[in-house]
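When a residue number appears, it is its place in the shown sequence, counting from 1.
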Amino acid sequence: MASQGITFLILAAFMAFMATTISARRSIDNMNVIDKCWRTDANWENNRHNLASCSVGYAGKMNKNMGHDVTYYEVTDSGDDALNPKLGTLRYGMTQVKGKVWVTFQKDMNITLQKPLLVRSFSVIDGRGASVHIAGGGCLLLHRATNVIIHGIRIHDCKAQEAGAVMGPEGNIIPLGTVDGDAIRLVTCSNIWIDHNTLYDCEDGLIDVTRGSTNVTISNNWFRYQNKVMLLGHDDGYRRDKDMKVTVAFNHFGPHCRQRMPRIRFGYAHVVNNLYLGWGLYAIGGSMNPSIKSQANLFIAPNEGKKEVTWRKHNGDGMSWNFRSVEDVFENGASFLSGGDGGAVRPNYNEDQSFPVSNAGMVRALTKSAGALRCSKASRC
């Protein structure tokens, strides 16, 4: 009898192990290609730099943010001084640390920036392992920056700012004009990856990609409670944005996002494997002859109001837009008006940018963990 009891215990333990293994396997199978790359590593905290090799889309691999020449800087102080940043604060890491910098956070913190924070080139702001909020003041401004990763931050309630001086990335005092209250604004930037952030309730928009910025990937973010969500292209007169290329992938839009998911001028956007939980005016819009490939997204129309996904601005000479829906899924009466030259909407990724597109039926699973993750430092994210 004793041997039977031991056998039963061994069998029960084996079955429990197999159930856990199968559950973990299913969890991994439901992850998107970016998350599979790093979230399966239980020792991610000691291998933070591996995140840089996981980006896809137009940002390409962020390998220039890795290497022995990277300085790891830990934020220990939630305070901010726009002109004289204190050691331990986020602004100090962006202005006083030389060369490549990888910023982490010692603990949970709420940071209210006195003025917009100028994010330096070859920098990573990595919020994994802490609940980090940037809220209630200025937010993030990237000006002529390249090779930047913004990951795992909750950015909300960003306020418009009057003109004023701030300390810049090289430790110099820089005059800034007025800003509108965006969560993250890119001005003439390249190779930027914005991943796994939670953004909401800002006075203007959540992400602006403007004035010749290109090679940008916006992935795994949760956008909610916002009128203007994402603007790609400065204005109808800024023709340099015709060279802009942006990948928008694996994001969760909603609840209560009204428009611009994204709105694009002139350039090209590959909008792929995103979840749209309703909209107000529209989900995807454009003007000035943009090209948008909407691929394998899930669009769930609002119960009331406009069911049409798209919006197009007429520029006096008829429709100048190029939208294509490929393999999208539409629920609750949603519809998509395609038009233009379908041959012009191929992303044409290179080897470092390309990634497999999943079936739209997988979108709920692929975006389930969108937004800033609550990662324990002792286990998988």
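Nearest approach of T89 to V75, heavy atoms of both residues: C-CG1, 4.2 Å. For G168 against L118, the heavy-atom pair with the smallest separation is CA-CD1, 4.1 Å.
Side-chain polar atoms of Q259 and N227 form a donor-acceptor pair below 3.5 angstrom. Using modelled atom types and a 3.5 Å distance limit, the side chains of R312 and T310 yield a donor-acceptor pair. With hydrogens and angles left out, the side-chain atoms of T76 and Q106 include no donor and acceptor closer than 3.5 Å. Counting only N and O atoms by type, the side chains of S287 and D236 include a donor and acceptor under 3.5 Å apart. N303 and N332 share a side-chain donor-acceptor pair at under 3.5 Å.
Cluster annotation: F105 and Y92 are assigned to the same hydrophobic cluster (Ile/Leu/Val/Met/Phe/Trp/Tyr, side-chain heavy-atom contacts under 4.5 Å, transitive). A single hydrophobic cluster is seen to contain both V101 and L90, as judged by linkage of ILVMFWY side chains at heavy-atom distances under 4.5 Å, directly or through other members. Under the 4.5 Å side-chain contact rule for hydrophobic residues, Y349 and W193 share a cluster. A continuous path of ILVMFWY side-chain contacts below 4.5 Å connects V97 to V103, so both sit in one hydrophobic cluster. One hydrophobic cluster, built from ILVMFWY side chains closer than 4.5 Å, cannot hold both M261 and V363; they sit in different ones.
Salt-bridge formation is detected for the pair D108/R374: a Lys NZ or Arg NE/NH1/NH2 atom is positioned less than 4.0 Å from an Asp or Glu carboxylate oxygen. Contact check on E331 versus R364 returns a salt bridge, with a Lys/Arg side-chain nitrogen under 4.0 Å from an Asp/Glu carboxylate oxygen. Taking 4.0 Å as the cut-off between side-chain N and carboxylate O, D77 and K86 count as a salt-bridged pair.
For the atom pair CD1 (I284) and OG (S294), the distance works out to 4.0 Å, reported to the nearest 0.5 Å. A distance of 11.0 Å separates OG in S379 from CG in N43, rounded to the nearest 0.5 Å. With rounding to the nearest 0.5 angstrom, the NE2 atom of H151 is 13.0 Å from the CE atom of M62. Here D80 contributes atom CG and L113 contributes atom CG; the two are 5.0 Å apart, rounded to the nearest 0.5 Å. How far NZ of K306 is from OG of S335: 12.0 Å, rounded to the nearest 0.5 Å. Note that CZ of F253 and CG of L206 are 9.5 Å apart. Values are rounded to the nearest 0.5 Å.
L87 places a side-chain heavy atom less than 4.5 Å from the side chain of Y73. In this structure, V166 and R91 have side chains that are in contact, with non-hydrogen atoms separated by less than 4.5 Å. Within the 4.5 Å cutoff, side-chain heavy atoms of H133 are placed close to those of R154. Using a 4.5 Å heavy-atom threshold, the side chains of V357 and N273 count as touching. Considering only heavy atoms from C-beta on, I173 comes within 4.5 Å of L83 through its side chain. K100 is not listed as a side-chain neighbour of N65, based on a closest heavy-atom distance of 4.5 Å or more. Proximity of L277 to F299: side-chain heavy atoms (C-beta onward) are nowhere separated by under 4.5 Å. The closest side-chain heavy-atom distance from M244 to V209 is below 4.5 Å.
Counted within 6.0 Å of NZ on K115, heavy atoms from surrounding residues, nucleotides or ligands total more than 12; the atom is thus considered enclosed. More than 12 heavy-atom neighbours from other residues, nucleotides or ligands sit within 6.0 angstrom of NZ on K61. With a 6.0 Å radius and a threshold of 12 heavy atoms from other residues, nucleotides or ligands, K159 has its NZ atom above the threshold. Within a 6.0 Å sphere centred on CD of E162, other residues, nucleotides and ligands contribute 12 heavy atoms or fewer. Atom NZ of K307 has more than 12 heavy atoms from other residues, nucleotides or ligands within 6.0 Å.
When each of D35, N251, N221 is tested with H196 by the rule side chain to side chain donor-acceptor pair (under 3.5 Å), just one qualifies, namely D35. Each of N297, T367, D328 was scored for a side chain to side chain donor-acceptor pair (under 3.5 Å) with N274, with one residue passing: N297. Checked options L140, I150, I134; the residue passing with N197 is I150 (criterion: side-chain contact (heavy atoms from CB on, under 4.5 Å)).
Looking only at distances, a side-chain donor or acceptor of T217 sits under 3.5 Å from a matching main-chain atom of Y58. No donor-acceptor distance shorter than 3.5 angstrom exists from the side chain of Q295 to the backbone of V326, with no hydrogens or angles considered. Between the S55 side chain and the G60 main chain, a donor and an acceptor come within less than 3.5 Å of each other.
In this pair, F355 and H270 present their aromatic rings tilted. The plane angle is within the 30 to 60° band. In this structure, W44 and W38 have perpendicular ring planes: the angle between them is above 60°, well past the 30° mark. Under the 30°/60° scheme for interplanar angles, the aromatic rings of W311 and Y282 are found to lie parallel. Ring pair F336/F330 is tilted by interplanar angle, where 30° to 60° counts as tilted.
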Name every donor-acceptor pair, under 3.5 Å, that has one atom in a side chain of residues 174-183 and the other anywhere in the protein, sequence neighbours excluded.
unit_1	atom_1	unit_2	atom_2	d
D182	OD1	G205	N	2.9

Could you pull out every donor-acceptor pair under 3.5 Å between side chains of residues 121-129 and any protein atom, sequence neighbours left out?
unit_1	atom_1	unit_2	atom_2	d
S121	OG	T146	N	3.0
S123	OG	R120	O	2.6
D126	OD1	R48	NH1	3.3
D126	OD1	R128	N	3.1
D126	OD1	R128	NE	3.0
D126	OD2	R48	NH1	2.8
D126	OD2	W102	NE1	3.0
D126	OD2	R128	NE	3.3
D126	OD2	R128	NH2	2.9
R128	NH2	R48	O	3.2

